[in-house]
Visitor: 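Let me begin by handing over the structure; questions about it come next.
Sequence lines set the chain letters: A, B, ... in the order given, protein chains first and strands last, and positions in each chain run from 1.
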Amino acid sequence: MISEANNRKRNYNLKPADFNTKKRPTWCVGCGNYGIWNSIKKAFVELKLSPHEILIVFGIGCSGNGNNFIKTYAYHALHGMALPVATGAHLANHLLKVIAMTGDGDGVGIGGNHFIHTCRRNLDITHIMHDNRIYGLTTGQTSPTSNTKFKTKSTPFGVMEQPINPVALALICGATFVARGYSGEPEHLKNIFIKALAHKGFSFIDVLQPCVTFNKIDTYDYYKKLIYKLEDSSEYNSGDFSKALQKSQEMERIPLGIFYQIKKRTYHDGLEQIKDKPLVYQDLSSINIESLMKSFY
Amino acid sequence: MISEANNRKRNYNLKPADFNTKKRPTWCVGCGNYGIWNSIKKAFVELKLSPHEILIVFGIGCSGNGNNFIKTYAYHALHGMALPVATGAHLANHLLKVIAMTGDGDGVGIGGNHFIHTCRRNLDITHIMHDNRIYGLTTGQTSPTSNTKFKTKSTPFGVMEQPINPVALALICGATFVARGYSGEPEHLKNIFIKALAHKGFSFIDVLQPCVTFNKIDTYDYYKKLIYKLEDSSEYNSGDFSKALQKSQEMERIPLGIFYQIKKRTYHDGLEQIKDKPLVYQDLSSINIESLMKSFY
Amino acid sequence: MAEIKAFSWKVGGPAGFGIMSTGLIFARIFSRKGYNVVDDKEYPSLIQGGHNVYSVRVSTEKIFSLLASVNILIALDEMTIDLHMNEVKKNGFIVYDSGIFIGRDFNYKKPDVNFLPVPFDRLIEKTGAPKIVKNNVALGVSVALLNYDFNMLKEVITENFKDKGQKIIDFNVSAAKAGFDFIMKEFTGIPKIHIKKNYSKKKLLLTGNDGIFLGALNAGCKFYAAYPMTPSSSILHSFAAAERDFNIVTKHAESEIAVINMAVGASFAGVRSMVATSGGGFALMNEGLAGAAMTETPIVIILCQRPAPATGLPTWTEQGDMLYAVHASHGEFPRVVMAPGDPEESFYMVQIAFNLAEKYQIPVIVMLDKFLSENNFTCTGLTRYKIKINRGKLIFAEEDIDNNEDYLRYKITDDGISPRAITGLRNGVHIANTDEHDEYGFSEESAENRKKMMDKRFIKLNAINKEIISPDLYGPKNADTTIISWGSCKMPILEAMKYLNTDKRIFNFIHFKYLVPFPVKAFKKFMKNVTRSAVIENNKTSQLSRLIMENTGIKINKQLLKYNGRQFLPEEIIKGLEKI
Amino acid sequence: MAEIKAFSWKVGGPAGFGIMSTGLIFARIFSRKGYNVVDDKEYPSLIQGGHNVYSVRVSTEKIFSLLASVNILIALDEMTIDLHMNEVKKNGFIVYDSGIFIGRDFNYKKPDVNFLPVPFDRLIEKTGAPKIVKNNVALGVSVALLNYDFNMLKEVITENFKDKGQKIIDFNVSAAKAGFDFIMKEFTGIPKIHIKKNYSKKKLLLTGNDGIFLGALNAGCKFYAAYPMTPSSSILHSFAAAERDFNIVTKHAESEIAVINMAVGASFAGVRSMVATSGGGFALMNEGLAGAAMTETPIVIILCQRPAPATGLPTWTEQGDMLYAVHASHGEFPRVVMAPGDPEESFYMVQIAFNLAEKYQIPVIVMLDKFLSENNFTCTGLTRYKIKINRGKLIFAEEDIDNNEDYLRYKITDDGISPRAITGLRNGVHIANTDEHDEYGFSEESAENRKKMMDKRFIKLNAINKEIISPDLYGPKNADTTIISWGSCKMPILEAMKYLNTDKRIFNFIHFKYLVPFPVKAFKKFMKNVTRSAVIENNKTSQLSRLIMENTGIKINKQLLKYNGRQFLPEEIIKGLEKI
Ligand SMILES: Cc1ncc(C[n+]2csc(CCOP(=O)(O)OP(=O)(O)O)c2C)c(N)n1
Ligand SMILES: Cc1ncc(C[n+]2csc(CCOP(=O)(O)OP(=O)(O)O)c2C)c(N)n1
Ligand code: SF4
Ligand code: SF4
Ligand SMILES: [Mg+2]
Ligand SMILES: [Mg+2]
């Protein structure tokens, strides 16, 4: 169990490869998912986390296939349902480090409602969204983050709608840690992951992830030209909500880094009933409904 | 049909009562829904709309019960599903004036995903959200717009999450007309409705609506103290997105009025296939799939 | 008037008049004295206005259901008189507010009953209490008409308003007293009802939803998620109120889709978790149901039916979702579907549901309906220790996992059940996968693996089948007509059976509490002795008949069906069976 | 070698190598010459890597399915050799890339076939084309081994790449030519296959999804909404591409929940609308299905099954959702469920589905599965005028509504069908209500109204029952064994039947295309002549057997079931039936 005794048993000399399963990734050669995969494993190592202390809830998609390639507790959820599953698991065992790993379709397409409501709860969960601006696993349809006019199998005449801006959406809905990473900058990404995992409360990272097979617009070349890092400007202060909101609207170039981070009571801190121990460790044999039954007399 | 010939047949002397059905409203005495009901009927009259030119898609809730009290084409949808139904109906017959009337639970609770995606499509639809910050019809549980700490039947120890800010959410997601009204200011509300219905594109009005039975916090008295009108300040410019976003964050007092309005190509304007006439008027007898079949040889 | 063993009482008026709490107080003053009590609530899907009715039947003997006729009718509006007058027995009472119907005389409408004008407002005014306590006058009047002890009423009112302070209590009590005294003084002449004294111990007054709530608590349910939906919402309210006292997390989530997935997540992490909803919400949960099945995550789903399809009649009753629950969701997987017949069965069966869900790592669906979910029935007591918690092959400690072997979450075993590690165990790391998977949990698409895993999941049925309790048989073993039914219809049927068995005909009754797996053998055995049979249920297409056919090929030719949103009355059953 | 009438061909290799387009080109060069062609695609739920297989069977005679053995196997990796070698017939060919397996000799693995090393890369290099056109070498090789006309191949390649420009066409053609010439030159000695010339007219090569798409277009479907989900996605892609040419609106919505509600909205407004999905998406659509039923809004739902529960095996095949579709969603309402057996039936039946949906204002579910949805079959032609559009009691013009009467959207009529006004008519204003409602559409909770409206909706079944086509009987009227099946199993069964009827045993085959309403009378009539019968289907619990039981009480004792995610092969059916 993730108890104190257990912490002592911790293996502090884990290497990234210790988070590999016996399955090798099956993503396309050059896929941005590799970068995310590498960065998250490194973040675990630097945070001295062991596989059994982590639960990753995956969505369905190319990104979701990652459930076979990372060794931690994992739940490969239904399409769009990673956040609710993560929520339930976290509330049942808040000593786990719970991460939701979804695609963009999964995260803000079919799962959009869970996204906005999870943000406002400030649960102590990290949501990493593999944002390739396309539906990869279903072979190339538009995603909610696809840019207007993008031609895909489901939009051969071009996407008609304005894309969802995941960073802005997370901010407006109350996420207390909001960042954008890029799988082509794995070191930078790893550092964001480390901070997100250390953050108490809901952290969201929109990870730009080139899909080399189906998205010929949002490519490595494309991003290379546009990205820059927020922390390169000494002025940027991630504690300022309106600034963060404003920054999230920037379109000409693409800022990476932590847009916003604030300390706020987490959801589970408000639950007195799990102050002592997580639900999962509570003793069922001591339940006594006698007095409650009396109220039905 | 809503044809030119038909427009000539229009009855320009309709009164609000002509939009009454034979059913009288069943809302609680003092309920804010009455104010919305009166204002929308007046807006129809001022816009010289006839019942058959309008489709209102209602959600499920106290507000949704309004389907029995307003005489227009109406679809009383499933809980949370008013926007997709409105979308389908609008795309099939874009000559209709399509309105979605939902509660807050309906609109941004269970229906939240449809809300964010409908906003980004800029469909020519008006969404009026009866925002009583409570689940009325199910007798008083928290809603996504309930304030933190609010004690309800489902949150007897107080709401833990931050409320959804519908105005900010609509802005971030791309609505091209975003307003807040108040059922206690029916004249002001009527004017917002008129502008929203005249707007080409997706218009959203968050209508503050006291629920006298289950919400003893967000009452007429409460609102009276806090509301003011954006248009009372000559400075406010509803064409400025960042200002609107900033304004939407104001919490100490409650601004009413049009936060934002912009001209933008609507969804149906991008659909060449319905430039000539709406889908519903297209002739099925002239369909010829011969040449398409050939491509399967 | 002679002492009677049983009577029926009804109050009707517009919504928003507190009729529901008035009725409950009335029911409680008798259950507290050990009487057998059943009640019934009718209300529209509106907050104010519309017609609300609360009916209570009280008896010194075991009763199962209301009857069609009443002894006392309290009419808070004229509609109540018009709609329910004819239900009042000869010499019964119709109490009305003479302050509303000034100068009206209703006696001509029905000369064989006593219309009693009571000046509610004037009586209240005298006490100085505010008008909103008005319904208490009706309670006082009723108690007086029954020659019952006013102190009992006082006690229950006091209990009921104890959180609101002494002043509120006093207002309510004095209003009740005013009503009581008024009858005692003004109507000394009329023959009152003498309800027989009851000497048994006080009884619990429970709805089916209360049974579910208490049972789930007792079973160690730690996580409850829900989205409000009539008639399941009261379970949410109960859980929410109890969460701190019983160390539970209750979550009113953004939709039923979130609900089921949260509950599955909590269960995966290692706690007992449950959800409740009605048909529309269950529809939204379907995909999650299949998700739980594929990942073999235990889950208990309470399905409180109401008339459908779609929004339907939110506040009325029907048994229209049975075959849906039986076949719900894509693909094939083992499940249990059960349907308790009363609140007591709800209490015990939900505990069995948790055990089955965890022992077999499957979804279990417990079906109620508005009638059972929201109406109260007395029961003598609930035993906390009857159903022992059995969490099956759940592993809590690292020591319980063999360290020399890889931990296989989906290990293929003889009984199909694989040891399931809770989260956080060093050697229990695994994937729960909604993709088809191998024994580790890795996604695996081969034909061989698919077959193996389907067989693994289905072989559990061997053991599950053995757990399924055969239908209950009520009445004599041999009868000339056998009634077959399920779920909440049990109650009006049992009441009807009191009157059905005559010299001419003998009835018995097979009651299904378990629907899936269908108790094929037990049922076939029963049917060997059956000469004539009829299915009674609260739907249009006789879903139980279809379920029986699907599982046994036995065609029941006679059906007594009701699908107007209302539960059967015993009288209807008696009449219906006459023709069969 | 003597001329043969039929052969089978297979290509296998890693995903991302263009195996799917290679296979389709190969199939087309024969369908274009009027051969009968069937194909089959196997691929995992991955974008690159994993094992892809494309099989094609070609014949001068009518064929229905692949067989287990192949004449030519093209192995683009070693896994293909290992997995599929044993399927190759004696004296058949295994072509492999000698550039990958340098210096390897596979002949020892299976001495009775011809292993043909072909240096793909070297051949390509010589032509100057880029490596990605490599698979065309395999096509050239195959055509040469069959003594088939290279120009046919050239033509199809040209057609296939016509949007990509002449240069790309040339690259592909020259790669093919290089393969062709290589065989002609290097393997002059080996005995090639002589495929018999075919003289019939060119044939259409269609998948079940193509049939649905073309049929829906022809039926006047104007609004198509979907959320991508294998194996239904190709219908979305086809509709999206066709929207401007055919004046349709296609919407890839945010979820299946949005999809069904959008489609219902469009249908309410007055157009024919359709959705398609697989099991998980259908689960999410369930509530909307009930919504359509309650508002009596016509809707056509295409359900392309795949192995489930949950995410399951996304790219494989199964018939596991039948009873779900039959009973799906809360409450009771009439519906039609149908399951075409081949692409041609898909084309016609989806048109019937639109007619039934609109005539009876009900939901109609059309069930396919991955096997039928994604595999190609030849057909001689599709007739545009066979199924006439019938929109039932839909009112388009104000003149068609009696102005002297209130317009009653839910008017109670003898046949249960009420005239339905499109939106925008001055005198057609009405509410479509998911609440139970009165004839106007107003919410109405009375017991009387509920019963009336339930009866109104269900009385439509009288007429619907008459429309249901009885199951198809294949083979002789009298047989000693009757095969019973549904949907896509038709094809391997028909293929197997070619070999089943011997002197010793005579088989016939009852194929269900309509599942709900169940054709009770017709089936019972069939069964009168049946001595022995077996249900064949692609699932574990024999859902058709259960459906038959539920509807007729007839228990079929023998079942041949397959549930490993793969369709039956005729050989398996033959073998399976031997034991029955
Ligand atoms: C309910 C449901 N609908 C549709 C699908 C099919 N599906 C699988 S993955 C996917 C989208 C993948 O896109 P995204 O989430 O962006 O992930 P990516 O593959 O791009 O990483 C879809 C639609 C499904 N599995 N479940
Ligand atoms: C799928 C589903 N879940 C739950 C319900 C029950 N329900 C009816 S109205 C409502 C919420 C009403 O709240 P809101 O939308 O804010 O409307 P209000 O009554 O406050 O106007 C709920 C949960 C339902 N009808 N359908
Ligand atoms: S399809 Fe795109 S997202 Fe999926 S594995 Fe390939 S490159 Fe990555
Ligand atoms: S419950 Fe509230 S929202 Fe509903 S009708 Fe009454 S006051 Fe209005
Ligand atoms: Mg994606
Ligand atoms: Mg509300």
Visitor: So, taking the atom named OG in D/Ser443 and the one named CG in B/Asn67, what distance separates them when rounded to the nearest 0.5 Å?
Guide: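 With rounding to 0.5 Å, OG (D/Ser443) is 4.5 Å from CG (B/Asn67).
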
Visitor: Which pair of heavy atoms, one from D/Thr423 and one from B/Tyr281, lies closest together, and at what distance?
Guide: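 Heavy atoms of D/Thr423 and B/Tyr281 come nearest at O-OH, 4.1 Å.
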
Visitor: Can you say whether B/Ile60 sits under 4.5 Å from chain D via the side chain, the backbone, both, or neither, judging by heavy atoms?
Guide: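 For B/Ile60, the contact with chain D is made by the side chain alone.
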
Visitor: Can you tell which part of B/Ala77 gets under 4.5 Å to a heavy atom of chain D, answering side chain, backbone, both or neither?
Guide: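 For B/Ala77, the contact with chain D is made by the backbone alone.
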
Visitor: Could you check whether any side-chain heavy atom of D/Ser255 comes within less than 4.5 Å of a side-chain heavy atom of B/His114, counting everything from C-beta outward?
Guide: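 With C-beta onward as the side chain, the pair touches.
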
Visitor: Does the pair B/Lys23 and D/Tyr440 meet the rule for a side chain to side chain donor-acceptor pair (under 3.5 Å), with working shown?
Guide: CA-CA 11 Å; B/Lys23 301 274 172 182; D/Tyr440 287 97; over 6 Å; no

Visitor: Where on D/Lys222 is there a heavy atom nearer than 4.5 Å to chain B: the side chain, the backbone, both, or neither?
Guide: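 For D/Lys222, the contact with chain B is made by backbone and side chain together.
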
Visitor: Atom CZ in D/Arg244, atom NZ in B/Lys275: separation rounded to 0.5 Å?
Guide: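 NZ of B/Lys275 is found 8.0 Å from CZ of D/Arg244.
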
Visitor: Of all the heavy-atom pairs spanning D/Ala258 and B/Pro84, show the shortest one and how long it is.
Guide: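 Result for this residue pair: O-CB, 3.7 Å.
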
Visitor: Taking the side chain as everything from C-beta on, heavy atoms only, tell me whether D/Arg426 gets closer than 4.5 Å to B/Glu53.
Guide: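 They are not in contact (no side-chain heavy atoms under 4.5 Å apart), so the answer is no.
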
Visitor: In terms of heavy-atom proximity below 4.5 Å to chain D, should B/Ile274 be classed as side chain, backbone, both, or neither?
Guide: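 Just the side chain, heavy atoms under 4.5 Å.
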
Visitor: Would a 4.5 Å heavy-atom cut-off, applied to side chains only, mark B/Phe58 and D/Ile431 as touching?
Guide: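 No - every pair of side-chain heavy atoms lies 4.5 Å or more apart.
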
Visitor: With D/Glu358, which residues qualify under salt bridge (Lys or Arg N to Asp or Glu O under 4.0 Å), at least two apart?
Guide: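 If we apply the salt bridge (Lys or Arg N to Asp or Glu O under 4.0 Å) test to D/Glu358, skipping adjacent residues, the hits are D/Arg272, D/Arg391, D/Arg420.
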
Visitor: Spell out the residues in residues 206-213 of chain D that have some non-hydrogen atom less than 4.5 Å away from a non-hydrogen atom of chain B, in order of number; otherwise answer 'none'.
Guide: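 D/Leu206, D/Asp210, D/Phe213, listed by number.
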
Visitor: Is D/Ile389 in contact with chain B via its backbone, its side chain, both, or neither, using a 4.5 Å heavy-atom distance?
Guide: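 Contact with chain B involves the side chain of D/Ile389 alone.
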
Visitor: Counting only heavy atoms not in B/Lys71 (residues, nucleotides, ligands), do more than 12 fall under 6.0 Å from its NZ?
Guide: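 For B/Lys71, atom NZ is not crowded (no more than 12 foreign heavy atoms under 6.0 Å).
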
Visitor: Below 4.5 Å from any heavy atom of chain B, which atoms of D/Phe347 appear? Answer side chain, backbone, both or neither.
Guide: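 Contact with chain B: side chain only.
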
Visitor: Using side-chain contact (heavy atoms from CB on, under 4.5 Å) as the criterion, point out the one residue from B/Val85, B/Thr87, B/Leu83 that pairs with D/Asn261.
Guide: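 Looking at B/Val85, B/Thr87, B/Leu83, the match for D/Asn261 under the side-chain contact (heavy atoms from CB on, under 4.5 Å) is B/Val85.
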
Visitor: When heavy-atom pairs shorter than 4.5 Å are enumerated against chain D, which of B/Gly111, B/Ala74, B/Ala92, B/Pro51 gives the highest number?
Guide: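 Between B/Gly111, B/Ala74, B/Ala92, B/Pro51, the count favours B/Ala74.
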
Visitor: What option among B/His90, B/His268, B/Lys22 has the most heavy-atom pairs under 4.5 Å with chain D?
Guide: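 Greatest number of close heavy-atom pairs with chain D: B/Lys22.
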
Visitor: Can you run down the salt bridge (charged side-chain N to carboxylate O under 4.0 Å, His left out) pairs that involve residues 106-123 of chain B, sequence neighbours left out, and say none if there aren't any?
Guide: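 For residues 106-123 of chain B: A/Glu161-B/Arg121, B/Arg121-D/Glu254.
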
Visitor: Which members of residues 282-297 of chain B, sorted by number, sit under 4.5 angstrom from chain D on a heavy-atom basis?
Guide: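 Near chain D, by residue number: B/Gln282, B/Leu284, B/Ile287, B/Asn288, B/Ile289, B/Glu290, B/Leu292, B/Met293, B/Ser295, B/Phe296, B/Tyr297.
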
Visitor: Once you round to the nearest 0.5 Å, how far does CE of B/Met81 lie from CD of D/Glu287?
Guide: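 Rounded to the nearest 0.5 Å, the CE-CD separation comes to 5.0 Å.
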
Visitor: State, with a plain yes or no, whether a side-chain heavy atom of D/Val271 is found less than 4.5 Å away from one of B/Leu91.
Guide: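 The answer is no, as the side chains (C-beta and beyond) never meet within the 4.5 Å cut-off.
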
Visitor: For the side-chain contact (heavy atoms from CB on, under 4.5 Å) test, which of D/Ile260, D/Ile257, D/Thr434, D/Thr295 pairs with B/Leu78?
Guide: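 Looking at D/Ile260, D/Ile257, D/Thr434, D/Thr295, the match for B/Leu78 under the side-chain contact (heavy atoms from CB on, under 4.5 Å) is D/Thr434.
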
Visitor: Considering only heavy atoms, which portion of B/Leu55 lies under 4.5 Å from any heavy atom of chain D: side chain, backbone, both, or neither?
Guide: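 Just the side chain, heavy atoms under 4.5 Å.
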
Visitor: Counting only non-hydrogen atoms closer than 4.5 Å, does D/Lys251 touch chain B with its backbone (N, CA, C, O), its side chain (CB onward), both, or neither?
Guide: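 Only the side chain of D/Lys251 comes within 4.5 Å of chain B.
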
Visitor: Looking only at atom types and distance, does a side-chain atom of B/Tyr73 sit under 3.5 Å from a main-chain N or O of D/Gly428, one as donor and one as acceptor?
Guide: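 A pair under 3.5 Å: yes.
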
Visitor: Is any side-chain heavy atom of D/Ile248 closer than 4.5 Å to one of B/Gln273?
Guide: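 No; the side chains remain at least 4.5 Å from each other.
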
